[in-house]
Each structure stands twice: as C-alpha cells, then as structure tokens.
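Heads up: the structure comes next, in structure tokens.
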Amino acid sequence: MSKGKPAILTGMQPSGELHVGNFLGALKNFVELQNSGTYDCYFFVADLHALTGDSKSAGLADKTRGVVMDYVAAGLDPDKSTIFVQSQVTGHTELAWIFNTLTPMGELERMTQFKDKAGRQQKNINVGLFDYPVLQASDILLYHPKLIPVGQDQVQHVELTRSIARWFNKKYGEYFTEPQVLLTNVPKVMSLIDPTKKMSKSLGSAHYIGINEEPAMILKKLKKAVSDSGDGQSAGGTNLLLLLEEFAHPAAVEYFFKQKKDKKIKFGELKEQLADAMGVYFEEFREKRKALSQDKKYIDQVVRGGAARAQKVAGKTMEEVRERVGLL
Ligand code: ADP
Ligand code: TRP
C-alpha cells in the first residue's frame, strides 16, 4: 500500500481447498514477500477465471470466501496487503477486451494450460477458457507490478503478459512495464499417487494433501503415496523426500537422507514422520482457518476494503489506457 515500493501481484482461483503444492509453490512465498516489507502487495481471488472451469456455479461465492480465509489464515494481513476479489474491481474485464484486440489467436492456441484443460473438459471448451490468459494479463498489468509470484505452471501465462505489454506499447506508446515471474524453491510438487503429474486439485483428492486436512487424513493419504524400493530416485520417492525437507525437523531429514545414501529408505517410517510433521506444521493454520470460517462478516469486510484500494489503482490505469487507446 505504501507508495514508492515496487508492487507484487498474484491470484488464485477459487477451485477448492488449497493443497501443499499451492502452499509450497505459492502461498508460503506470498506471506514471506508481504512480511519482507519490501513490496506493495496485491493478492486476489480469481473468481472470473473460475467461471471458465467445469465445476457447477453453485457455491462459488463460498469458495471465493474460502480462498480469502486461506490467505488470511496463512498469514496474509489486510493491513499490510491489498486482498481482493477480481470480480469486485472493474477494469479487469475491460482491459482484457482491449488486450483481446492485440493478441493473436495463435499465441493462445499454444498455451499448455489451455490444451490441458480443453482436453479435460471437452464438452465445455468455452471462449473464456481460451481467453483465460488474456484476462490474466489484464489482472496483472492493471496494477503495474514488478514481480508475479506463482508456481512453474504459470510461467507461460506471465510470458504472454509480457508480450501483451510489448504489443500494447508498440501500438499505443510506451506505457506498461514487463513484469517478471518469481518462483519459489519448490515450484512444482508432484501428485502423491501419480508423481509424473503436478499435484493438482483437478486430479482428485487422493492426489494431494490439503493444507486444512486433519493429521489422520494426511497419514491415510501419505500411506497410499507412490514411493520406490528405497533409493529415493523415482519421481514418487523424490517428491516424498522434498516434502520431508520442507516440513520435517532437520534431524529427521538428515536421518532419511542417510538412508537414501545407503539406498535403504524405509518409506513406511518416512511417511509416518512426514505426516506428523505436516500435521504440526499446519496446526496453527487449521485453527485460524476454523475461526475465520465462523466469521463471514469479517471476511466480507476484508474484501470490501481490499476492493476499494484495488479499485483506485485499477481505475487510474483504466483512465490512462482509455486515453491512450482513444476511447471517448
Ligand atoms: P491447481 O492446479 O491445484 O488447480 P492452481 O492452478 O489454482 O492449482 O494454482 C494456484 C497457485 O499454486 C499457482 O501459483 C500455481 O502455480 C501454484 N501451484 C499449483 N499447483 C502446484 C504444484 N503442484 N506445485 C507448486 N505450485 C503449484
Ligand atoms: N491462472 C492462475 C492459476 O491458475 C490464477 C491467476 C489469475 C493469476 N490471474 C492471475 C496468477 C494473475 C497470477 C497473476 O493459478
């Protein structure tokens, strides 16, 4: 919020509960960036993007509130960051339209997330799904951010955003600055039961560990996770070791990496220790999340305040854009 600091901006879709992939690839980093005090931070819920998906629209508002609760429970602070809901700020869709007129179809046809999702929802390949990255570019450029903290899978969309900024500048004069992606040290956590694929909500519940899940459930899911004969070299083994490094006590990490050296990892034991460690790690989150879920009013107040702040910035950008483009 403080002027003069470089801005960072990122968003998440309200498509269900957050998992440890979202946490390690994105949310954990958001909190650290906010607390560094270095940036003017914008965190939003991409509810308009969620409309392009296959899930029923019933419950969207609650899912949107749910992401805000996740943000706040994880440590995002409405006094330090602008936390808002995409659809409550005008400008996102308006700028997207202008960007539509600058973006070649061929660029969108190349997007791997589009190809992926179109494959998964063949009966619902809507124009919004195709145009999704243009709306994302608009989400980003409206706020002139320097950095976009996201997981690996979003890199291509940020690249396209950079191109759109260039196309705009070329046609209408230098205006947008090209933002850069900021990856975490864990940009890609893999699925528990199909570790060749990225951990994702859309694969189904057995593939991920939700950060709000109870310890007993964490253990149950980890027990079914794919591992290997003990050398820790397979995709599943590597993924479990990565989670161990992120969540377990350094002594436990050392213990299992010693086993790895001898190619004798006892994955049964590792999974139990990992489940314990994760249960403890997210205990505070679970408690805060539970309290927030009973305080809908507070959440609505957070997003109202966030929308007002975001609207000021977005409104100014739109005024400047309209003038440059020649809209009366
Ligand atoms: P999902 O694929 O589960 O629907 P989203 O697309 O909503 O997740 O992603 C929200 C954020 O979390 C994005 O910044 C994304 O890059 C990051 N993310 C998602 N899945 C992973 C993963 N498996 N590993 C690391 N980061 C991830
Ligand atoms: N596409 C992102 C995802 O699936 C969500 C998103 C929408 C986003 N707009 C954004 C992320 C702008 C960063 C910046 O995770």
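Order of appearance sets the numbers: ligands from 1, and atoms from 1 within every ligand.
Residue Gln113 has no N or O atom closer than 3.5 Å to an N or O atom of ligand 2. When only interatomic distances are considered, the shortest N/O to N/O separation between Thr10 and ligand 2 does not fall below 3.5 Å. Polar contact check, Gly151 against ligand 1: a nitrogen or oxygen pair lies under 3.5 Å apart. Between Met199 and ligand 1, a contact under 3.5 Å exists for at least one N or O pair. Among the atoms of Gln152, none of the N or O lies under 3.5 angstrom from an N or O of ligand 1. Of the polar atoms of Pro149, none of the N or O atoms is found under 3.5 Å from an N or O of ligand 1, judged by distance alone. At under 3.5 Å, a nitrogen or oxygen of Ser200, whether backbone or side chain, sits near a nitrogen or oxygen of ligand 1. Where the criterion is an N or O separation shorter than 3.5 Å, residue side chain and backbone included, Gln154 fails it with respect to ligand 1.
In summary, the atoms of ligand 2 found under 4.0 Å from a heavy atom of Gln154, numbered by their order in the structure, are 1 (N), 2 (C), 3 (C), 4 (O), 15 (O). Atoms of ligand 2 lying under 4.0 Å from at least one heavy atom of Gln13, given by number and element, are 4 (O). Atoms of ligand 2 found under 4.0 Å from any heavy atom of His49, numbered from 1 in the order shown, are 7 (C), 9 (N). Taking every non-hydrogen atom of Gly25 and a distance limit under 4.0 Å, the qualifying atoms of ligand 1 come out as 25 (C), 26 (N). The distance from ligand 2 to the heavy atoms of Val150 drops below 4.0 Å at these ligand atoms: 11 (C), 13 (C). Near Phe44, the atoms of ligand 2 lying under 4.0 angstrom from a non-hydrogen atom of the residue are 9 (N), 10 (C), 12 (C).
With 3.5 Å as the limit, one finds a donor-acceptor pair spanning the side chains of Asp194 and Thr196. A donor atom on one side chain and an acceptor atom on the other are not found under 3.5 Å apart for Glu17 and Asn212. Side-chain N/O atoms of Gln156 and Thr112 include a donor and acceptor closer than 3.5 Å. Residues Lys201 and Ser15 have side chains that bring a donor and an acceptor to within less than 3.5 angstrom of each other. With hydrogens and angles left out, the side-chain atoms of Tyr175 and Glu320 include a donor and acceptor closer than 3.5 Å. His144 and Thr317 are linked by a side-chain donor-acceptor pair at a separation below 3.5 angstrom, with hydrogens and angles left out of the test.
In this structure, Phe44 has its ring center no closer than 6.0 Å to that of Tyr71. The aromatic ring centroids of Phe43 and Phe84 lie 6.0 Å or more from each other. Remark: aromatic rings of Phe114 and Phe130 are close, center separation under 6.0 Å.
Counting heavy atoms under 4.0 Å from ligand 2, residue Ile140 touches it through the side chain alone.
A single hydrophobic cluster is seen to contain both Leu270 and Tyr255, as judged by linkage of ILVMFWY side chains at heavy-atom distances under 4.5 Å, directly or through other members.
For atom 7 (O) of ligand 1, the nearest non-hydrogen atom from the set Met12, Lys201, Lys198, Glu17 belongs to Lys201.
Ion pairing between a basic and an acidic side chain is recognised when a charged N comes within 4.0 Å of a carboxylate O; Lys264 and Asp231 show no such pairing.
Ligand 1 has at least one atom lying under 4.0 Å from a heavy atom of His19. Under a 4.0 Å heavy-atom criterion, Leu24 is not in contact with ligand 1.
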